[in-house]
Amino acid sequence: MDIGLVLQTDPPARLLVERMRRAEAAGFSHGWTFDSCVLWQEPFVIYSQILAQTERLTVGPMVTNPSTRTWEVTASLFATLNDMFGNRTICGIGRGDSAMRVAGRRPATLARLSEAMHAIKELAEGRSAVVDGTELRLPWVRDGRLPIWMGAYGPRALELTGRQADGFILQLADPYLTEYMIKAVRSAAAAAGRDPASVRICVAAPAYVTADDSPAALAHAREQCRWFGGMVGNHVADLVTHYGEHSDLVPEALTAYIKDRQGYDYSHHGRADNPDTQFVPDEIVDRFCLIGPPAAHLARLTQLRSLGVDQFAVYAMHDAIETTIDLYGSAVIPQL
């Protein structure tokens with residue numbers, strides 16, 4: 001199992017670059033960032049610095065969207081980095097949550113997302129694609145390669161992932177929901193005539209390593225990770241709006257916890273002090289995140305790996321970023 005690291009592009013960028021260097025030295029395989037340019041700094045500028053100062057790390061957004069940049073711009077950004085540093089990028093993509101809503105725009109439709117994934121991949125790998133009715137090609141691309149991994153929760157998004165994407169990003173680490181959604185993605189891949197095993201699986205969630213499993217240590221870890229339930233709750237609220245509160249198409253193990261959700265302020269998005277996440281119960285933090293001593297992380301990761309997960313991406317938005325990187329490097333990654 002690969003282990004990735006997910007960071008926000010908060011200033012100063014040099015600190016993020018140093019943390020990615022530290023992660024590569026600790027054995028991490030991927031360096032991911034958020035992509036919401038109103039809330040944080042522009043990630044593609046920072047990717048060039050990460051790639052220049054590392055040797056093996058694969059970098060990309062978790063996740064970008066079809067609307068912030070035109071598709072040929074997104075493809076050219078990836079292709080340029082690949083030309084400079086040797087096919088070490090990956091495109092995580094979804095409909096758009098914080099990047100769109102904070103600017104007063106709606107997330108993209110799944111149909112538009114499908115078109116964007118196709119166009120971005122084709123252009124970044126040197127082939128032609130139709131963008132807004134015009135056939136385009138990046139004539140300077142040589143031997144480009146760009147895996148497209150799609151973030152999804154709902155049944156239609158999971159179907160699109162299995163039918164088209166190179167990989168599936170699931171932003172929660174609950175084993176039951178992971179198994180449920182991997183099965184949906186792989187069934188869709190098989191129905192589309194693809195090899196289901198060819199779709200890579202990435203689970204992404206906060207990981208907070210504690211010194212022990214004392215109540216005080218676990219309570220602090222939960223408070224540092226509770227923001228994640230609020231972030232996932234945005235997507236879950238969309239599903240409930242679309243499919244209803246008690247739908248056979250969406251498991252209640254995912255939707256039930258947002259019943260007391262009151263709203264969401266994106267100025268606190270992805271931060272441990274987010275005041276809009278008090279509705280998230282401890283049980284959801286424990287299910288969706290990895291908290292506790294290294295043995296607890298290894299137990300959950302071993303279970304996820306048995307379900308078919310190829311990569312676990314550590315969200316490190318808490319007060320122990322360097323400690324988490326180092327402890328994963330010394331006590332977790334060598335065991336996987």
Side-chain angles (χ1 to χ4, degrees), residues 6-11 32-41 43 61-65 67-68 92 94-108 151-154 157 169-174 177 203-208 218-247 250-291 313-321 324:
V6 191
L7 298 173
Q8 293 165 336
T9 53
D10 283 319
W32 303 89
T33 75
F34 280 22
D35 179 18
S36 297
C37 297
V38 173
L39 297 175
W40 305 292
Q41 293 183 326
M62 188 177 282
V63 293
T64 193
N65 65 83
S67 306
T68 304
R95 295 174 57 228
D97 177 39
S98 60
M100 298 302 292
R101 298 187 206 266
V102 78
R105 305 185 185 105
R106 294 177 61 83
Y153 292 105
I169 296 172
L170 174 59
Q171 295 182 91
L172 53 80
D174 173 77
L177 290 172
V203 161
Y208 196 104
L218 296 179
H220 178 76
R222 289 189 185 104
E223 290 311 309
Q224 289 293 306
C225 297
R226 199 175 303 277
W227 64 267
F228 183 68
M231 186 185 82
V232 173
N234 296 329
H235 303 285
V236 174
D238 284 347
L239 294 176
V240 170
T241 298
H242 187 80
Y243 293 101
E245 189 173 350
H246 303 289
S247 170
V250 183
E252 288 201 35
L254 175 62
T255 60
Y257 84 97
I258 68 162
K259 64 181 183 300
D260 295 325
R261 180 179 181 271
Q262 300 298 315
Y264 195 83
D265 181 352
Y266 279 91
S267 65
H268 304 287
H269 189 60
R271 301 195 183 280
D273 60 354
N274 190 329
D276 297 324
T277 59
Q278 294 309 304
F279 71 92
V280 180
D282 287 353
E283 182 237 348
I284 287 294
V285 180
D286 291 348
R287 281 174 46 203
F288 286 12
C289 307
L290 272 67
I291 64 172
V314 174
Y315 275 119
M317 292 87 176
H318 48 55
D319 62 3
I321 296 174
T324 298

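- With contacts defined as side-chain heavy-atom distances shorter than 4.5 Å, the pair Leu239/Leu254 qualifies.
- Pairing each heavy atom of Ala316 with each of Leu7, the nearest pair is O-CD2, 3.6 Å.
- Of the residues Trp32, Phe288, Phe34, the one that meets the ring-ring contact (aromatic ring centres under 6.0 Å, His included) test with Tyr315 is Phe34.
- Distance alone, capped at 3.5 Å, places no donor-acceptor pair between the Tyr153 side chain and the Val250 backbone.
- Using a 4.5 Å heavy-atom threshold, the side chains of Asn65 and Pro107 count as separate.
- Taking 4.5 Å as the limit, every side-chain heavy atom of Gln224 sits out of range of all side-chain heavy atoms of Ile291.
- In this structure, the side chain of Gln8 does not engage the main chain of Met317 through any donor-acceptor pair within 3.5 Å.
- In this structure, Ile169 and Val63 have side chains that are in contact, with non-hydrogen atoms separated by less than 4.5 Å.
- Note that the CG atom of Asp238 and the CD1 atom of Ile258 stand 9.0 Å from one another [nearest 0.5 Å].
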Full working for side chain to side chain contact (heavy atoms under 4.5 Å, CB included) between Thr68 and Asp35: CA-CA 9 Å; Thr68 304; Asp35 179 18; 5.5 Å; no

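- Taking all atoms of both residues into account, the shortest heavy-atom contact from Ala205 to Cys289 is CB-CA, 4.4 Å.
- Looking at Val285 and Phe228, their side chains never come closer than 4.5 Å, going by heavy atoms from C-beta outward.
- Between Gln41 and Pro11, the shortest heavy-atom distance links the atoms NE2-CB, 3.5 Å.
- Salt-bridge check for Asp282 with Arg226: passed, with a basic side-chain N closer than 4.0 Å to an acidic carboxylate O.
- Under the 3.5 Å distance criterion, the side-chain polar atoms of Tyr243 are left unmatched by any main-chain donor or acceptor of Gly154.
- Thr277 contributes a side-chain N or O that, together with a main-chain N or O of Asn274, makes up a donor-acceptor pair within less than 3.5 Å.
- Nearest heavy-atom pair across Arg261 and Ala237 is NH1-CB, 3.5 Å.
- Of all heavy-atom pairs spanning Leu290 and Ala173, the tightest one is CD1-CB, 3.5 Å.
- Aromatic ring pairs are classed by plane angle as parallel below 30°, tilted from 30° to 60° and perpendicular above 60°; the pair His318 and Tyr208 is perpendicular.
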Side chain to side chain contact (heavy atoms under 4.5 Å, CB included) between Asp286 and Arg222, worked out: CA-CA 8 Å; Asp286 291 348; Arg222 289 189 185 104; 2.8 Å; yes

Side chain to side chain contact (heavy atoms under 4.5 Å, CB included) evaluation trace for Leu172 with His235: CA-CA 12 Å; Leu172 53 80; His235 303 285; over 6 Å; no

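- Among all heavy-atom pairs drawn from Ala157 and Ala152, the shortest one is CB-CB, 3.6 Å.
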Stepwise side chain to side chain contact (heavy atoms under 4.5 Å, CB included) test for Lys259 and Phe279: CA-CA 8 Å; Lys259 64 181 183 300; Phe279 71 92; over 6 Å; no

